[in-house]
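I have placed the structure first, in the form of structure tokens, so that the comments after it can refer back to it.
In what follows, residues are counted from 1 in the order of the sequence shown. These numbers were taken from a predicted model, which means no experiment stands behind them.
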Amino acid sequence: MRKMLDEAVAKGAEAILTITDSKNTAVSFDSNRLKKIENTESYTQGLQVIKDEKLGVAASTRVGGEGELLEKAISVAEFGPTVSYTFPAPEPCPNPKMFDQRVADISIHEMIAIGEELVDAMRTLDSSINAGAQIQKSVLTAKMANTKGLGVDFAKTVFVITGGFQFVEGQNLLGSWDWQITTSLEYDLEALKDKLIEDFEIGRKNVSIETGQYDVLFTPSAVSDIAMPIIACLDGRAVMRGISPFAGRIGEEIFAPSFSLIEDGTLDGAVGSRPCDDQGVPCRRTPLIEQGVLKEYLLDLESAQRLGRKPIGTGNPGGARPNNLIVPAGDISVNDLLADMKRGIIIDQTMGAWAGNPYTGTVTGNVALGYLVEDGKKVGRVKDCMFSLNVFTHLKSNLLALSKETKNMGTSILPYFLIGGVSVSTRG
């Protein structure tokens, strides 16, 4: 690595080189049986150079050939975008826990056994159910160095269990899926099975609703869909270009005081954690929204420089990329939120819920899996309906509660959101 970086300096360029090597094993089940076992490996060299204040980026999957990679990046820089930053000098980096030897060591036979247990649990529900599952482990090592003296290396493991089913009964097509993802071998297979079993048992009964406005309990899966406009508007590049409605509003209350959002690349056990971002800036814990007040943007080196702010460890060559996003939990359990609902809807899975212009905050989508709640009980599945809300106005004026429980979505940790006045329309 250092030889290439020295050559970059000799050619009048700054550079940062990242080398990643990953090994992945996946066991897949489809139609109630083992379908395939895959072992894959990948190797990538990513190089960024700044020469004459212009950025060039190049990548290669070939071991060796660093000289060719450097020449390619420098030639790209000749026509690349002008940048106002330089690569940072080394700073102390965090060392989050994100490697578990048990993940690296788990055998294919053990992974198959997990998948079989999950599929068997679904098969007992009905002989005609079509159950599927995937068990996947990844082991990644990465090295990063730049021409300012940065030198970082780390290892990460990821373990994912996914399960789901499809079931056809007359004209009724029911499907559900769920997953658990972590950097360790800590998982709760019973919780995953219980969720899918409940979806099957309640989802078989279809109930009708009228078009109108409802209190809606969005599960963490659905929250991740409706939150996308917020992430887009927090992007420093969008702020820099003046297309984000959050531009120039640091210090303003833009959401309800019960809502906070934290970016944290230092979180132990989180899939998105790492010592530093792709530009060599140390990761850190940064409140983006604190009790409804806008505190910071998602920044890369360019947007931080242009906006007069400090980078927060979320940069890559194309802009900002969050590591782990966390919405702090509320103080009411999901069961209590349900018990207090007289007539409302649970939305668990959506389809096409982020179409249109994210900077307006409007989210409209189909309810792929949702339930009607009456007097605190799920009474059946709602079908053929759509929902619509404006994230900016609803999370400021209509956010009724956040749950105690949270779900690790991979690179986000989210509670349930109870939101009032959500428009729901039905066919016919």
Side-chain angles (χ1 to χ4, degrees), residues 20-42 44 96-122 130-142 154-166 175-197 199 219-225 227 264-265 267-274 321-326 348-350 368-369 405-414:
T20 58
D21 192 354
S22 67
K23 297 177 175 62
N24 307 285
T25 301
V27 174
S28 301
F29 291 77
D30 190 21
S31 300
N32 304 326
R33 58 178 60 88
L34 179 63
K35 188 76 172 182
K36 60 182 176 180
I37 299 171
E38 292 182 295
N39 286 293
T40 59
E41 295 188 27
S42 65
T44 304
K97 296 178 181 177
M98 48 190 177
F99 183 86
D100 188 338
Q101 188 62 45
R102 295 176 299 169
V103 174
D105 292 342
I106 188 171
S107 69
I108 289 176
H109 294 296
E110 292 173 293
M111 295 170 68
I112 290 173
I114 293 171
E116 287 177 336
E117 182 178 346
L118 188 54
V119 168
D120 287 346
M122 289 182 279
N130 182 354
Q134 184 177 77
I135 319 301
Q136 181 176 351
K137 70 170 182 177
S138 301
V139 181
L140 177 143
T141 58
F154 64 91
K156 179 187 295 187
T157 51
V158 179
F159 191 68
V160 186
I161 301 176
T162 304
F165 66 84
Q166 285 191 330
S176 181
W177 50 270
D178 196 19
W179 74 93
Q180 293 181 8
I181 179 170
T182 178
T183 60
S184 72
L185 206 60
E186 303 298 329
Y187 59 88
D188 188 344
L189 200 60
E190 292 304 315
L192 200 157
K193 290 189 288 187
D194 289 346
K195 199 273 184 189
L196 294 172
I197 290 170
D199 286 345
T219 70
S221 296
V223 168
S224 65
D225 292 331
D264 191 353
L267 191 63
D268 286 343
V271 172
S273 294
R274 49 183 176 163
R321 185 187 70 188
N323 300 300
N324 302 299
L325 291 172
I326 304 157
D348 182 33
Q349 296 169 25
T350 70
L369 184 62
E405 297 86 350
T406 61
K407 181 176 176 64
N408 181 352
M409 303 295 296
T411 55
S412 61
I413 299 174
L414 305 171

Examine distances only and state if a side-chain atom of [X] and a backbone atom of [Y] form a donor-acceptor pair shorter than 3.5 Å.
X: T157; Y: D100; value: yes
X: N32; Y: A131; value: yes
X: D178; Y: L192; value: no
X: K407; Y: S221; value: no
X: E117; Y: I114; value: no

Any donor-acceptor N or O pair under 3.5 Å, side chains [X], [Y]:
X: T141; Y: D21; value: no
X: T182; Y: N408; value: no
X: S22; Y: S42; value: yes
X: W177; Y: Q349; value: yes

Report yes if the side chains of [X] and [Y] come closer than 4.5 Å at any heavy-atom pair, otherwise no.
X: T162; Y: I181; value: no
X: V103; Y: V158; value: no
X: Q180; Y: D188; value: yes
X: N24; Y: N39; value: no
X: K156; Y: F99; value: no
X: F154; Y: L140; value: yes
X: I135; Y: I112; value: no
X: N323; Y: T411; value: no

Supply the atom-to-atom distance [X] [atom1] to [Y] [atom2], rounded to the nearest 0.5 angstrom.
X: L267; Y: R274; atom1: CG; atom2: CZ; value: 14.0 Å
X: T406; Y: I413; atom1: OG1; atom2: CD1; value: 6.5 Å
X: L34; Y: E116; atom1: CG; atom2: CD; value: 7.5 Å

Between [X] and [Y], which heavy-atom pair has the shortest distance, and what is it?
X: A222; Y: T350; answer: CB-CG2, 4.2 Å
X: F29; Y: V119; answer: CB-CG2, 3.9 Å
X: T20; Y: A142; answer: CG2-CB, 3.9 Å
X: S176; Y: L369; answer: OG-CD2, 3.6 Å

Matching residue for T25 among Q136, E38, K137 - test: side chain to side chain contact (heavy atoms under 4.5 Å, CB included):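 One option only clears the test, and that one is K137.
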Please determine if D348 and K195 form a salt bridge, counting it only when a charged side-chain N lies under 4.0 Å from a carboxylate O.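 Salt bridge present between D348 and K195.
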Verify side-chain contact (heavy atoms from CB on, under 4.5 Å) between I106 and M111, making sure each step is shown before the conclusion. CA-CA 7 Å; I106 188 171; M111 295 170 68; 4.1 Å; yes
Could you check E186 against R102 for salt bridge (Lys or Arg N to Asp or Glu O under 4.0 Å), going step by step and ending with a plain yes or no? CA-CA 10 Å; E186 303 298 329; R102 295 176 299 169; 2.8 Å; yes
Can you check side-chain contact (heavy atoms from CB on, under 4.5 Å) on V271 and T183, steps first, answer last? CA-CA 6 Å; V271 172; T183 60; 4.3 Å; yes
F159 vs S184, test: side-chain contact (heavy atoms from CB on, under 4.5 Å). Steps then yes/no. CA-CA 7 Å; F159 191 68; S184 72; over 6 Å; no
Determine whether S273 and N324 satisfy the following criterion, side-chain hydrogen bond (donor to acceptor under 3.5 Å, both in side chains), listing intermediate values before the conclusion. CA-CA 7 Å; S273 294; N324 302 299; 3.0 Å; yes
Worked check of side-chain hydrogen bond (donor to acceptor under 3.5 Å, both in side chains) between S28 and Q134: CA-CA 4 Å; S28 301; Q134 184 177 77; 3.0 Å; yes
Checking L414 against T219 for the side-chain contact (heavy atoms from CB on, under 4.5 Å) test, could you report, in this order, the C-alpha distance in whole Å, the side-chain angles of both residues, the deciding distance, and whether it holds? CA-CA 9 Å; L414 305 171; T219 70; over 6 Å; no
